[in-house]
Amino acid sequence: MLGGSRGIGAAIVRRFATEGARVTFTYAGSREAAEKLAAETGTVAEKTDSADRDAVIARVRESGPLDVLVVNAGVGAFGDPLEQDPDEVDRLVRINVTSPYHAAVEAARRMPEGGRIIVIGSVNGDRIPFPGLSAYAMSKSALQGMARGLARDFGPRGITVNVVQPGPIDTDMNPADGPMKDVMHAVMALKRHGRPEDVAGMVAWLAGPEASFVTGAMHTIDGGFGA
Ligand code: NDP
């Protein structure tokens with residue numbers, strides 16, 4: 001799993017560990033949180049920066065037998081595109097798009113029949129109700145095309161590829177008591193943030209036996225943000 005030290009990723013690590021899976025997850029900046037989570041859950045934490053494509057490919061290659069790949073690592077770069085640092089936008093694309101693509105391809109090389117590739121996108125891949133989200137939304141929309149295409153490429157081998165698209169979820173990236181909460185809740189059917197565990201539940205379902213016929217699809221969990 002790419003990006004498991006905090007937030008939604010940490011909830012996914014906990015969920016898979018609870019279900020008895022052998023989990024290896026990456027982190028970049030949050031070593032302390034990653035090591036604590038690994039010790040608590042009996043999982044393995046490995047430092048790998050998702051901005052570094054080759055490091056990500058090597059990590060997937062060296063991760064041993066692989067039944068499920070979850071790509072959760074992602075960053076935001078919010079603001080006026082006329083003012084944004086182009087290097088920041090390019091870094092976002094490397095983390096949110098380039099590495100997920102190459103990780104998915106490398107994982108598929110190693111997966112047996114029945115393998116699962118699950119990528120965390122965003123409802124912003126479908127809907128962008130506010131300014132300042134262009135680069136982030138671009139990256140999350142790219143994951144939709146990636147999943148549809150790779151589902152076709154790997155379908156003959158019984159490997160499924162899906163995107164989970166959260167709306168506002170209470171994490172460091174988007175705190176439930178943050179300055180944007182009222183603006184976001186105003187466009188939602190349920191006027192609150194979701195919990196990381198809600199997203200982990202959907203990921204677990206996609207990784208489980210009931211989802212073996214689900215592929216090339218977007219699975220939105222957003223409190224009606226996109227409704
Ligand atoms: P957080 O910022 O709370 O956590 C991000 C996680 O990704 C951390 O574990 C972080 O690890 C990891 N990560 C970030 N950059 C890198 C990197 N370069 N290399 C490796 N790992 C990295 O975010 P969330 O939990 O909120 O978001 C998780 C995913 O869900 C993202 O893809 C995000 O776009 C998506 N999402 C979130 C929503 C929300 O409202 N929270 C809504 C829709 C989508 P570390 O700290 O160790 O660097």
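Side chains are part of it too, since the values below use all heavy atoms of this structure and drop only hydrogens, waters and symmetry mates. Along the sequence shown, residues are numbered consecutively beginning with 1. For ligands, and for the atoms within them, numbers begin at 1 and follow the listed sequence.
Judged by distance alone, with hydrogens and angles left aside, the side-chain atoms of D67 form no donor-acceptor pair with the main-chain N or O of G115 at under 3.5 Å.
Under a cut-off of 6.0 angstrom, the local environment of CZ in R192 is sparse, with at most 12 non-hydrogen atoms contributed by other residues, nucleotides or ligands. For NZ of K36, the number of neighbouring non-hydrogen atoms (other residues, nucleotides, ligands) closer than 6.0 Å is 12 at most.
At a heavy-atom cutoff of 4.0 Å, ligand 1 is contacted by the backbone of T48 but not by its side chain. Heavy atoms of R31 found under 4.0 angstrom from ligand 1: none, in either backbone or side chain.
By heavy-atom distance, the residue among G167, P168, S122 lying nearest atom 38 (C) of ligand 1 is G167. The residue among N72, V164, D222 with a heavy atom at the shortest distance from atom 29 (C) of ligand 1 is N72. Remark: among candidates G74, G121, G29, the nearest residue to atom 44 (C) of ligand 1 is G121, based on non-hydrogen atoms.
For E197 and R14, the salt-bridge test fails: no basic side-chain N is under 4.0 Å from an acidic carboxylate O.
Within the listing of ligand 1, atoms 3 (O) sit less than 4.0 angstrom from a heavy atom of D172. Listed by number with element, the atoms of ligand 1 under 4.0 angstrom from any heavy atom of G7 are 25 (O). The distance from ligand 1 to the heavy atoms of I95 drops below 4.0 Å at these ligand atoms: 18 (N). Using a 4.0 Å cut-off to heavy atoms of S30, the atoms of ligand 1 that qualify are 45 (P), 46 (O), 47 (O). Short contacts between ligand 1 and N174, defined as distances under 4.0 Å to a heavy atom of the residue, involve ligand atoms 39 (C), 40 (O), 41 (N).
Considering every non-hydrogen atom in both V123 and G167, the closest pair reads CG1-CA, 3.7 Å.
Distance from atom 26 (O) of ligand 1 to its nearest protein heavy atom, with residue and atom name: T171 OG1, 2.5 Å. At the top of the distance list for atom 34 (O) of ligand 1, counting protein heavy atoms only, stands Y136 OH, 2.7 Å.
Between the NE2 atom of H193 and the CG atom of D222 there is a distance of 12.5 Å, given to the nearest 0.5 Å.
Here H102 pairs with nothing under the ring-ring contact (aromatic ring centres under 6.0 Å, His included) rule; sequence neighbours left out.
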